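Everything on this sheet refers to the single structure shown next.
The figures here come from the full heavy-atom set of this structure, side chains too, leaving out hydrogens, waters and symmetry mates. Count residues from 1 along the sequence. Just so you know, ligand 1 is whichever comes first in the structure, and atom 1 is the first atom listed for that ligand. Keep in mind it's a predicted model, so treat the numbers as computed, not measured.
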Amino acid sequence: MNTTPSPSASARYNFLFSSSSPSRALPPSRALSLTATATLFPSHSSPPSSVSLTTSFSFFQNPNFITGNSLFHSMQRFCSGSSMSRNKAMVESLQRYGVIRSNKVAEVMESIDRALFVPNGAGAYIDSPMSIGYNATISAPHMHAMCLQLLEKNLQPGMHALDVGSGTGYLTACFGMMVRPEGCAVGVEHIPELVSSSIENIQKSAAAQLLKDGSLSVHAADGRKGWPEFAPYDAIHVGAAAPEIPQALIDQLKPGGRMVIPVGNMFQDLKVVDKKSDGSISVHTETSVRYVPLTSREAQLRGY
Ligand code: SAH
């Protein structure tokens, strides 16, 4: 059976993935309710006829693992070969599926090897969120691609980008590559150990020079307050779900700027917030998603 969705239709579909990590079990009551929500999210239209529900429907057992949120099972694994060639194959798959539509996003994702940002490099090219410890996850490749694509016009050379909940530093590195030269990319992450490891990851990547020249930086802080030092931002990405859009982030968005932020608790929407030149705000929902919460460090470390 052909389980490959057509590129345009597949991009509109989000599937939850199952976790392969047995390390953090859920209390039974939570497991039950979350399992019940593990479903295919038809975001904007009816399913493409070639999508197989048996391959797309899956369960997750662990809410700590569900960041990133979606995608097509049939592109979980990419071709064998060297790390960079497998990274390239992953990017090409995302292009075929219509998630990546611009050459610039493809080039940047090709230049930043995802394996450098995944613990031990294992499973780097599988289209699934993965645990990075501290009850956090690295988002699935298609979610990174989708956010880069949504923010592309606001990630031009010379622009300022803020990545809240920067985790592994993968997207911060991509932002840095998009806005160079003369631009500035800032990651804010509230787990200091993740800040340190993300800096090590970036140092091994094609974005290393940006760290050296100071156009890319990662800071340990509560990202709900943004990072005023380099504000206003043309692009803000939030990698964790907020109950509501933090006012400080709206304030730090430049007129003409765009923020992409998951909003909600159990059920979340990826919101796109545009600040017009007169300072007014428009918000639209891009798709349904599932991210870990944007919360306090204490709440995160005790499991929310
Ligand atoms: N986008 C990143 C990480 C996503 S997981 C990646 O793909 O690698 C969400 C991240 O948000 C986690 O690393 C978590 O520690 C962080 N986070 C949650 N609440 C936060 C807050 N209030 N301030 C800063 N970071 C936060």
Inset, instruction - Can you label the angle between the Phe230 ring and the His160 ring as parallel, tilted or perpendicular, going by 30° and 60°? - result: perpendicular

Legend entry - Atom indices of ligand 1, in the order listed, that fall short of 4.0 Å to a heavy atom of Thr295: 19 (N), 20 (C), 21 (C), 22 (N)

Legend entry - Which of the ligand 1 atoms, numbered from 1, are nearer than 4.0 Å to a heavy atom of Gln300: 14 (C), 15 (O), 17 (N), 18 (C), 19 (N)

Legend entry - Numbering as shown, the atoms of ligand 1 that approach Thr168 to under 4.0 Å (heavy-atom distance): 6 (C), 8 (O)

Legend entry - Note, Ser198 side chain near Thr172 side chain (heavy atom, < 4.5 Å): no

Inset, instruction - Check whether more than 12 heavy atoms from other residues, nucleotides or ligands sit under 6.0 Å from atom CG of Asn103, and answer yes or no. - result: no

Inset, instruction - Classify the side-chain pair Asp251/Gln247 by whether it contains a donor and acceptor separated by less than 3.5 Å. - result: yes

Inset, instruction - Pull out every atom of ligand 1 sitting under 4.0 Å from any heavy atom of Ser166, numbered as shown with elements. - result: 2 (C), 8 (O)

Inset, instruction - Run the contact test for Pro293 against ligand 1 with a 4.0 Å cut-off on heavy atoms, strictly below, and give the result. - result: yes

Inset, instruction - Determine, using heavy atoms of His144 and all atoms of ligand 1, whether some pair is separated by less than 4.0 Å. - result: yes

Inset, instruction - Enumerate the atoms of ligand 1 whose separation from the nearest heavy atom of Arg224 is less than 4.0 angstrom. - result: 22 (N)

Inset, instruction - Give the contacting part of Asp163 toward ligand 1: side chain, backbone, both or neither, where contact means a heavy-atom distance below 4.0 Å. - result: neither

Legend entry - Thr137 N/O to ligand 1 N/O under 3.5 Å: no

Legend entry - ligand 1 contact by Ser198, heavy-atom criterion under 4.0 angstrom: no

Legend entry - Side chains of Asp163 and His237, donor plus acceptor under 3.5 Å: yes

Legend entry - Atom indices of ligand 1 within 4.0 angstrom of Ala136 heavy atoms, with elements: 12 (C), 13 (O)

Inset, instruction - With atom 11 (O) of ligand 1 as the reference point, say which of Gly187, Gly165, Ala241 has the nearest heavy atom. - result: Gly165

Inset, instruction - Using a 4.0 Å heavy-atom cut-off, say whether Asp222 meets ligand 1 through its side chain, its backbone, both or neither. - result: both

Legend entry - Distance-only donor-acceptor check, side chains Gln300 and Thr295, under 3.5 Å: no

Inset, instruction - Go through the side-chain N and O atoms of Asp113 and Tyr125 and say whether any donor and acceptor fall under 3.5 Å apart. - result: yes

Legend entry - Close-contact set for ligand 1 against Val292 heavy atoms, below 4.0 Å: 5 (S), 9 (C)

Legend entry - Salt bridge flag under 4.0 Å for residues Arg96 and Glu92: no

Inset, instruction - Could you pull out, from Arg114, Met143, His190, the option with a heavy atom nearest to atom 21 (C) of ligand 1? - result: His190

Inset, instruction - For residues Phe267 and Arg290, determine if any side-chain heavy atom of one lies less than 4.5 Å from a side-chain heavy atom of the other. - result: yes

Inset, instruction - Scan side-chain atoms only and decide if Ser217 and His219 contain a donor-acceptor pair under the 3.5 Å cut-off. - result: yes

Legend entry - Leu171 to ligand 1, any heavy atom closer than 4.0 Å: no

Legend entry - Quiz item: cation-pi between Arg114 and Tyr170, 6.0 Å / 45°: yes

Inset, instruction - Would you mind running through ligand 1 and noting each atom that sits below 4.0 Å from a heavy atom of Gly239? - result: 4 (C), 5 (S), 9 (C)

